[in-house]
2 protein chains.
Amino acid sequence: MDTIDEAIIRCVMRNARSTYAEIGQAAGLSAPAAKRRLDRLVASGAIRGFTALVDPQALAWHTEAFVEVYCTGNPTPAQLRQALEDIPEVVEACTVSGAADAVLHMLARDITHLELAIQRVRATAPVDRTESVIVLSRLLNRPRL
Amino acid sequence: MDTIDEAIIRCVMRNARSTYAEIGQAAGLSAPAAKRRLDRLVASGAIRGFTALVDPQALAWHTEAFVEVYCTGNPTPAQLRQALEDIPEVVEACTVSGAADAVLHMLARDITHLELAIQRVRATAPVDRTESVIVLSRLLNRPRL
DNA sequence: GGTGAAAAACTCGATCG
DNA sequence: CGATCGAGTTTTTCACC
């Protein structure tokens, strides 16, 4: 992981569909060298994948929320992960410091759909209590870095 | 926006570097037709862009936090957005329901760097009080949908 | 939306700084 | 480690139906 790798990462974060020639130009490398570097970054896990940034509105998924989860007992992160990964409305989940055990970032078509999804979370994971904050408007959404 | 467009979106969300042939196969289209559809989705804004999912650990940005922001006065979302967009450590920001005015998702190299970034937020935006929750571990990070 | 052909880009060696 | 070269393959990108 050096400045060349960082340049490659910046390039594919800005546009994941860049050609190897473009990636190489951004990093000061030839196209084959850029491919080798990028392949290595993916293989090593530094780059987990490539995805499209979709406007949720376009998919009619209007409702977004942050949900603080308070658990019963002491579930391990692995247990929590397993319980949450089958609920597609949970797009992000972290264990956190403070009173709550985890914070979930959820996406749903509407409030009814969100409520249903939260009920599924409470049924699947060892959850004592949840506290939801509905997103009113999205101010910023930057790709990491 | 029909089921074909949705199939295309699912495909490029799973892998933004799919070839048009792969995208077409996922949607039941020929490669040129898939390209026309994808170009249209990008032009219409339904797809905002393509990015890489990077492991923050690999970039040595170990520290992640959710920061609830309580504002003084009644800043408009546009004012908040303007104040936050120059702070690169803020990767995501939403106005929310409840007591807090906004929730920030922040990324930093370490706790010291995070503290500095939060101070910048407090100096730049009309912030009365912040409440931070440090991320301990990332359980899930799915591309939207 | 499909087809087909031209142009561009990628892939994989080997070879040399 | 990376550049370059070259041949074979795949992908992209058109015009046209």
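Values below: all heavy atoms of this structure, side chains included; hydrogens, waters and symmetry mates excluded. Order of the sequence lines fixes the chain letters, A, B, ..., with proteins taken first and strands second; residue numbering starts at 1 for each chain.
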By salt bridge (charged side-chain N to carboxylate O under 4.0 Å, His left out), which residues pair with [X], not counting sequence neighbours?
X	result
B/E22	none
A/R37	A/D2, A/D5
A/E6	none

Give the other cluster members for A/V90, using side-chain heavy-atom distances under 4.5 Å between Ile, Leu, Val, Met, Phe, Trp and Tyr residues; answer none if it is isolated. A/V67, A/V69, A/L80, A/L84, A/I87, A/L104, A/M106, A/I111, A/L114, A/I118, A/V121, A/V127, A/I134, B/L139, B/L140

Other cluster members, A/V133 - Ile/Leu/Val/Met/Phe/Trp/Tyr, side-chain contacts below 4.5 Å: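 Noted: A/V133 shares its cluster with A/F66, A/V96, A/V103, A/V135, B/F66, B/V96, B/V103, B/V133, B/V135.
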
Is there a donor-acceptor pair closer than 3.5 Å between any side-chain N or O of B/R109 and the backbone N or O of B/A60? no

Given 3.5 Å as the limit, does a donor-acceptor pair link the side chain of B/S18 with the main chain of B/V12, or not?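 A pair under 3.5 Å: no.
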
Contact residues, residues 20-30 of chain A to DNA chain C [heavy atom, < 4.0 Å]: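 Those residues whose heavy atoms fall under 4.0 Å from DNA chain C, taken from residues 20-30 of chain A in numerical order, are A/Y20, A/A21.
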
Using a heavy-atom distance cut-off of less than 4.0 Å, which residues of residues 33-44 of chain B contact DNA chain C? B/A33, B/R36, B/R37

CD of B/Q119: more than 12 outside heavy atoms within 6.0 angstrom?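 Check passes, neighbour count above 12.
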
Show every salt bridge (Lys or Arg N to Asp or Glu O under 4.0 Å) that has at least one partner inside residues 121-136 of chain A, sequence neighbours left out.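 Only A/R129-A/E131 qualify under salt bridge (Lys or Arg N to Asp or Glu O under 4.0 Å).
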
State, with a plain yes or no, whether a side-chain heavy atom of A/M1 is found less than 4.5 Å away from one of A/I9.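 Yes, close enough: below the 4.5 Å cut-off.
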
Could you check whether any side-chain heavy atom of B/E92 comes within less than 4.5 Å of a side-chain heavy atom of A/E92, counting everything from C-beta outward? yes

Using the test ring-ring contact (aromatic ring centres under 6.0 Å, His included), find all partners of B/Y20 that sit at least two apart in sequence or belong to another chain.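 Per chain and number, B/Y20 pairs via ring-ring contact (aromatic ring centres under 6.0 Å, His included) with no residue.
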
Please name all residues satisfying ring-ring contact (aromatic ring centres under 6.0 Å, His included) with B/H113, sequence neighbours left out, ordered by chain then number.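 For B/H113, the residues satisfying ring-ring contact (aromatic ring centres under 6.0 Å, His included) (neighbours in sequence not counted) are B/W61.
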
DNA chain C: 5'-proximal contact among B/R17 and B/I4 (nearest heavy atom): B/I4

The side chain of A/T19 is closest to which nucleotide in this list: C/dA9, C/dT3, D/dG2? C/dA9

When the C1' atoms of the five terminal pairs at each end define the local axes, what inter-axis angle does the helix from C/dG1-D/dC17 to C/dG17-D/dC1 show, to 10 degrees? 40°

Review item, nucleotides 15-17 of chain C N/O atoms under 3.5 Å of protein N/O:
none

